Amino acid sequence: MSTNTTAATLRYTGMRLGIFAVCFAVLAVLAYVGVIPESIGTANPLWLAVLAIVVSAPISLVVLRGQREAMSQQIVPRIERARSNAKAKLDANRGMEDDAA
């Protein structure tokens, strides 16, 4: 990966993890105060983590739309290049098979 692509990917991933961490912290406080159930059985941290994932996913979808599009614009050219290289190799292999037959 190039430096720009790596930077965009790391920035998006960091922001996504940050949103998850904030959701987890808020949910932990709400559970401690008693607004939401503290746990299901003895799985308090796991319950809060699953709940934080469910809450943070739609928030990330909306809030990080611009960052996701910027990352996509940097990744698409690399994918297109890899696809065209694979197609060229496949065509070359087909040509070798035709010559051998």
Side-chain angles (χ1 to χ4, degrees):
M1 276 189 181
S2 70
T3 305
N4 289 338
T5 304
T6 303
T9 303
L10 289 176
R11 189 177 319 115
Y12 174 77
T13 303
M15 293 170 82
R16 183 93 192 256
L17 287 171
I19 290 173
F20 169 78
V22 168
C23 288
F24 185 84
V26 168
L27 290 170
V29 168
L30 290 175
Y32 180 76
V33 173
V35 175
I36 60 173
E38 194 167 333
S39 67
I40 296 176
T42 59
N44 185 20
L46 183 60
W47 161 249
L48 291 176
V50 169
L51 198 55
I53 289 169
V54 169
V55 170
S56 69
I59 293 171
S60 295
L61 191 66
V62 173
V63 172
L64 299 180
R65 178 177 289 139
Q67 183 60 38
R68 193 172 45 255
E69 288 176 5
M71 182 178 66
S72 173
Q73 288 175 353
Q74 291 180 350
I75 291 174
V76 166
R78 294 180 55 88
I79 292 171
E80 292 299 324
R81 242 189 335 248
R83 186 178 293 161
S84 66
N85 288 343
K87 187 177 183 307
K89 287 180 183 179
L90 183 62
D91 290 342
N93 287 341
R94 282 187 189 143
M96 289 173 49
E97 288 175 2
D98 291 342
D99 291 342

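The shown structure was predicted, so the numbers you read here are calculated from the model rather than taken from an experiment.
Ile79 and Tyr12 fall within the same hydrophobic cluster, defined by Ile, Leu, Val, Met, Phe, Trp and Tyr side-chain heavy atoms under 4.5 Å apart, directly or through other members.
Under the side-chain hydrogen bond (donor to acceptor under 3.5 Å, both in side chains) criterion, no residue pair touches residues 17-31, with sequence neighbours excluded.
Here Thr9 contributes atom OG1 and Gln67 contributes atom CD; the two are 9.0 Å apart, rounded to the nearest 0.5 Å. Interatomic distance, Met71 CE to Leu64 CG, rounded to the nearest 0.5 Å: 9.5 Å. Within the model, atoms CG of Leu51 and CG of Leu46 stand 11.0 Å from one another, a figure rounded to the nearest 0.5 Å.
Residues Gln74 and Ala8 approach most closely at OE1-CB, 2.9 Å, considering heavy atoms. Of all heavy-atom pairs spanning Ser60 and Arg68, the tightest one is O-NH1, 3.6 Å.
Ile59 pairs with exactly one of Val55, Val62, Leu61 by the side-chain contact (heavy atoms from CB on, under 4.5 Å) rule, that one being Val55.
Not counting sequence neighbours, Ser56 has no partner by the side-chain hydrogen bond (donor to acceptor under 3.5 Å, both in side chains) test.
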Please set out all donor-acceptor pairs under 3.5 angstrom arising from side-chain atoms of residues 19-28, sequence neighbours excluded.
none

